[in-house]
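The structure appears below as structure tokens.
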Amino acid sequence: MGTKITTGNDALQVNQNPLENIENLILNIRGKQVMLDRDLARLYGVETKRLNEAVKRNIERFPERFMFQLTDDEKNKVVANCDHLKELRFSYQNPYAFTEQGVSMLSAVLKSETAINISIKIMDAFVAMRHALLENHQLFNRISEKIISSFQNLSGWVGSLPE
């Protein structure tokens with residue numbers, strides 16, 4: 001089994017391959033791969049409120065391309081699509097989303113050994129997801145080319161049939 005990271009009553013199971021769980025926490029919002037403050041706080045072993053306080057004390061390090069707050073509509077979509085975020089439905093404050101650069105900056109702001117180690121694992125997860133997306137894109141292009149080629153060959157064959 002893996003290591004348990006526990007904060008209060010919340011427990012997050014991290015398997016021997018920690019990228020497996022972290023990759024499941026990376027969401028695509030506004031066309032960017034992001035992680036929510038709540039998930040990051042659980043990984044870092046701090047309360048979400050404390051993570052956001054640290055960010056606000058260092059807000060100059062977090063431009064909008066590093067971090068943004070979800071709209072009500074985005075929050076509702078996340079709650080509807082992510083079982084582990086159902087409790088967000090009752091939150092009066094919309095969560096913050098951190099891009100890969102924002103997560104990297106968090107490790108500098110939080111400065112704990114746990115934050116550094118988790119940030120490294122998160123960076124690895126972002127990189128792994130980028131590689132997977134690139135591989136899928138290349139595979140899709142190859143399949144598309146084969147389909148187009150097949151249709152071109154078929155249309156040439158159909159065009160040669162007597163009327």
>> Between Tyr44 and Ile122, does the side-chain contact (heavy atoms from CB on, under 4.5 Å) criterion hold? Intermediate values first, please.
In response: CA-CA 11 Å; Tyr44 290 137; Ile122 293 170; 4.1 Å; yes
> Step by step, would you call Met67 with Asp37 a side-chain contact (heavy atoms from CB on, under 4.5 Å)?
Replying inline: CA-CA 10 Å; Met67 176 196 82; Asp37 55 1; over 6 Å; no
>> As a quick check of understanding, evaluate side-chain contact (heavy atoms from CB on, under 4.5 Å) for Met35 and Leu43, giving each step before the final call.
In response: CA-CA 11 Å; Met35 291 184 73; Leu43 288 169; 3.7 Å; yes
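When the side chain to side chain contact (heavy atoms under 4.5 Å, CB included) test is applied to Gln93, the partners found at least two apart in sequence or on another chain are Lys56, Gln69, Ser91, Tyr96. Legend: residues meeting salt bridge (Lys or Arg N to Asp or Glu O under 4.0 Å) with Asp83, ordered by chain and number and at least two apart, are Lys86. Applying the side-chain hydrogen bond (donor to acceptor under 3.5 Å, both in side chains) criterion to Asn81, with sequence neighbours excluded, gives no partner residue. By the side-chain hydrogen bond (donor to acceptor under 3.5 Å, both in side chains) test, Thr99 is found to be paired with Gln101, residues two or more places apart in sequence or in another chain being considered. The side chain to side chain contact (heavy atoms under 4.5 Å, CB included) search around Ala80 returns none, not counting sequence neighbours. Every side chain to side chain contact (heavy atoms under 4.5 Å, CB included) that Asp73 has, sequence neighbours left out, goes to Thr71, Lys77.
To the nearest 0.5 Å, the span separating CZ on Arg42 from CG on Leu25 amounts to 7.5 Å. Interatomic distance, Asn52 CG to Glu47 CD, rounded to the nearest 0.5 Å: 11.0 Å.
Of all heavy-atom pairs spanning Ala54 and Leu110, the tightest one is CB-CD2, 3.9 Å.
Through side-chain heavy atoms spaced under 4.5 Å, either directly or across other Ile, Leu, Val, Met, Phe, Trp or Tyr residues, Val78 is tied to Leu27, Ile29, Val34, Leu36, Phe68, Leu70, Val79, Leu85, Leu88.
Within the structure, every pair that satisfies the salt bridge (charged side-chain N to carboxylate O under 4.0 Å, His left out) test and touches residues 58-67, not counting sequence neighbours, is listed here: Arg30-Glu64. Evaluation of the salt bridge (charged side-chain N to carboxylate O under 4.0 Å, His left out) test over residues 97-110, restricted to residues two or more places apart or in two chains, returns Glu100-Arg130.
Side-chain contact check for Asn94 versus Asp72: some heavy-atom pair is nearer than 4.5 Å.
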